[in-house]
Amino acid sequence: MHRRFIVPSALAATLLLAIPAAAAPGTVGAPGIGDPYYPASGNGGYDVSHYDLRLKYQPVTDLLEGTATILATTTQELSRFNLDFGLDVSEVRVNGRKARFATSGDHELEVTPADPLAKGKDVSVVVRYAGKPSELEINGWTAWARTPDGGVAAQEPESAVWWYPSNDHPLDKATYDVSVSVPDGTQAISNGVLQSQSSKLGWSRFNWRSDKPQATYLTTLAIGRFDITTDRTADGLPVLNAYSKDLGANAGAARASIERTTEVAEWLTEVFGPYPFNALGGYVPNVTSGFALETQTRPFYSPRQFANGANVSVVVHELAHQWYGDSVSVDGWKDIWINEGFARYSQWLWSEKEGEGTAQELADHTYAQHPADDPFWQVKPGDPDPDNQFDIAVYDRGALALQALRNEVGDDTFFELLKGWPAEHAYGNANVGDFVRYAERVSGKPLAALFDTWLYRPTRPAAPAAADAGLSEAGLSARVERPASWKKIAATNTVHDHGDHTASAHRSEDGHEHR
C-alpha cells in the first residue's frame, strides 16, 4: 500500500509544535497522535467511542452531504482539538453548542468549543459538511474512487478524510452506525450488519451497524448497483457479498472466489479462534485499481484480483486480517508485520491444507528466490520505514519469520500462539515487541534472537539461522521445486499495492510487482 501524508521530518516537527502562543500549555489537542511514520495522522486529547454518520450521496454529481456525530471522552483539558477531515464544513457543535472551527494543513479541522472541556469529560461533536470526495486531492491523489454508477471509499492507511471527520489512526478505534441515502435503484454497502432499509420520495436509505471497535481506515462505503447474495453461517452470523453489475469478464471468477468466504472463515476459526465480529462478506465494485483491503467484516476486492480466474488465496489473506489487523490492530504503522506477515502466512497454511504445497515448501521457494544481494533482504519487516511499509518483504520475509518460529517451538505451541494472540489482544492494539514477549511467555523459550534475525537484520539469514528454519543452501537445490499454490499466492502480491505515487516498482521473474 502506498504512503499517505508523509511529512518531511522538519515540517513534521513544525506541525506538531504549531500551537498558538495564546493557548495555555496542555489545553490544545495535538494535531497528530504521535505515529513517527505519519506525524499528521490522528489527533491528541480525546478518545472516540462511537461514530454516527448520516449521509446522502448523488452518484451523478459525486456530491456527498453528511452529518457526523462523534462521541468521545477527553483525555486532557481541551480548549481546542483537531479532527482529520478534508471536505467543506458548514457547522460544528460541541455538546450541543456552536463551536468555532478553522482548517489547517492538508486535512486538519481545528475545533474550538464555546467553553473549554475538562479532562475525562464525555463529549458529543456534530459536524455538518458537504463536498465532492473525488475532487479532494491530498499530495496529488484521492482515496475516493468514482465508479460508473457511484463511488467507493477504501484505502490504507487513511481513507476517512475523504468522507467523514475522525481521529484517523488505528490507536483510536470505535463502533459505527453508517446511514446512507442514495437514489432508488442504487445501493449503499458498508461494514457490519444491515439494520434496516427504506425508500421515500425517490431515495433509498441503508442503515449499517458495526458493533465492535473498528479502526477508521477499516471503515468502508460503496455506492452503486450491486448483485447481492446473503446467507448465514452455521453460528448464525449474517453473510453479505456484493458484486457490481458491470464487472464484465471478471464477474464469474470474482463470485467463484468470494462465495467461498464462509468456508474460508470457518477454516480460519480453527487456526485463529472464534471469528471476532458480527458479520461476514466481501464486495467487488467496478473500480480500475488492483488492490484488496481488509475492511472490517466486509473486505474490498478490485475486479483485477480475478483477471486470471478465481483466486481463493486473496480471500484467505483478507479474512485472516479480521483477526490479525482488524481485531488486533497496530500500535503504530511500523508494526505492520503483525498484520501482513500473518495474513501472508495464512495463505501458506491454506496451501498446506489444500495439498498444494506445505508452508515449509513455500518458505524454501521464497528463500531460494532471493539471493543475498537482493534488496528484499534489506527491508526490515519489524520496522520497515514508511517507504517500505508495504514492500513484498514485509509479507514474504514476514512469513519466513513465522516459519522459523514454527520450527523453533513446534506445531503444538505454534498453533497455540496463533489462537492465543487474537484472544489476548481482542479489539485492541499491539506492537511487534508485544508479540515477541507473548511468544516467549507461551513457548517458554528465548526468542528475541530469532525475531531479530528474521525481522530486523538487513541481511539474508544464513546458517545456522536458515538451517534452524528448515532452510539451507545445500538442501534447497534438491527441494526447491515451485509449489502448486505459488502462482495463486504470487498473484496476490499486489493485493496492497494501492497505486503508490512515490515509490518505484520493479517486476520479478514471476511478473508480480515489487518495490
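- Using a 4.5 Å heavy-atom cutoff, the side chains of Ser210 and Phe277 are not in contact.
- Rounding to the nearest 0.5 Å places CG of Asp106 at 5.5 Å from CG of Asn139.
- Between Phe291 and Phe300, the ring center distance clears the sub-6.0 Å criterion.
- A search for ring-ring contact (aromatic ring centres under 6.0 Å, His included) contacts involving Tyr345 returns Trp348, Phe414, not counting sequence neighbours.
- Smallest separation of non-hydrogen atoms from Ser159 and Thr216: OG-O, 4.4 Å.
- Checking His169 against Asp35 by side-chain atom types alone, a donor-acceptor pair falls below 3.5 Å.
- Side-chain N or O atoms of Trp333 include none that pairs as donor or acceptor with a backbone N or O of Pro386 at under 3.5 Å.
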Verify side-chain hydrogen bond (donor to acceptor under 3.5 Å, both in side chains) between Tyr37 and Asp383, making sure each step is shown before the conclusion. CA-CA 10 Å; Tyr37 277 23; Asp383 188 359; 2.5 Å; yes
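- Inspection of the His321 and Glu340 side chains reveals an N or O donor paired with an N or O acceptor under 3.5 Å.
- Thr492 places no side-chain N or O within 3.5 Å of a backbone atom of Val314 that could act as its donor or acceptor partner.
- Atom CZ of Phe81 sits about 10.5 Å away from atom CG of Asn167, to the nearest 0.5 Å.
- With hydrogens and angles disregarded, a donor-acceptor distance shorter than 3.5 Å links the side chain of Trp337 to the backbone of Gly398.
- Judged by distance alone, with hydrogens and angles left aside, the side-chain atoms of Tyr324 form no donor-acceptor pair with the main-chain N or O of Trp421 at under 3.5 Å.
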Given side-chain hydrogen bond (donor to acceptor under 3.5 Å, both in side chains), test Asn207 with Ser179 step by step and report yes or no. CA-CA 4 Å; Asn207 299 299; Ser179 177; 2.5 Å; yes
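- Between the side chain of Lys173 and the backbone N or O of Ser327 there is at least one donor-acceptor pair closer than 3.5 Å.
- With Trp323 contributing its side chain and Leu418 its backbone, the two residues share no donor-acceptor pair below 3.5 Å.
- With rounding to the nearest 0.5 Å, the separation of OG in Ser124 from CD1 in Ile70 is 10.0 Å.
- Partner of Tyr164 under the ring pair (Phe, Tyr, Trp, His ring centres under 6.0 Å) criterion, out of Phe85, Tyr51, Tyr129: Tyr51 alone.
- Side-chain atoms of Gln322 come within 3.5 Å of backbone atoms of Thr297 as a donor-acceptor pair (strictly under, hydrogens ignored).
- Without hydrogens or angle criteria, Arg97 side chain to Pro113 main chain gives no donor-acceptor distance under 3.5 Å.
- Under a cut-off of 6.0 angstrom, the local environment of CZ in Arg146 is crowded, with over 12 non-hydrogen atoms contributed by other residues, nucleotides or ligands.
- Looking at Asp88, its side chain never comes within 3.5 Å of a backbone N or O of Gly131 through a donor-acceptor pair.
- The closest side-chain donor-acceptor pair between Tyr395 and Gln347, if any, does not fall under 3.5 angstrom.
- Nearest heavy atom pair, residue Asn339 against residue Val328, reads OD1-O, 4.2 Å.
- Formation of a donor-acceptor pair under 3.5 Å by the Arg397 side chain with backbone atoms of Val379 is found in this model.
- For the pair Lys445/Leu405, no side-chain contact is recorded, criterion being any heavy-atom separation below 4.5 Å from C-beta on.
- Applying the salt bridge (charged side-chain N to carboxylate O under 4.0 Å, His left out) test to Asp452 and every residue at least two apart in sequence or in another chain returns Arg457.
- In summary, the side chains of Glu108 and Asn82 do present a donor paired with an acceptor at a separation below 3.5 Å, with no hydrogens or angles considered.
- Closest approach of Val287 and Pro303 over heavy atoms only: O-CD, 3.6 Å.
- Residue Ser190 holds its OG atom at 12.5 Å from CZ of Arg209, rounded to the nearest 0.5 Å.
- Side-chain atoms of Asp84 and Ser166 form no donor-acceptor pair, as typed in the model, at a separation below 3.5 Å.
- Remark: of the listed residues Trp163, Trp162, Tyr57, Tyr57 is the sole one forming a ring pair (Phe, Tyr, Trp, His ring centres under 6.0 Å) with Trp144.
- Inter-residue side-chain proximity for Thr112 and Ser79 is flagged as unmet; no heavy-atom pair is nearer than 4.5 Å.
- Minimum heavy-atom separation, Asp168 to Ser41: O-CB, 3.8 Å.
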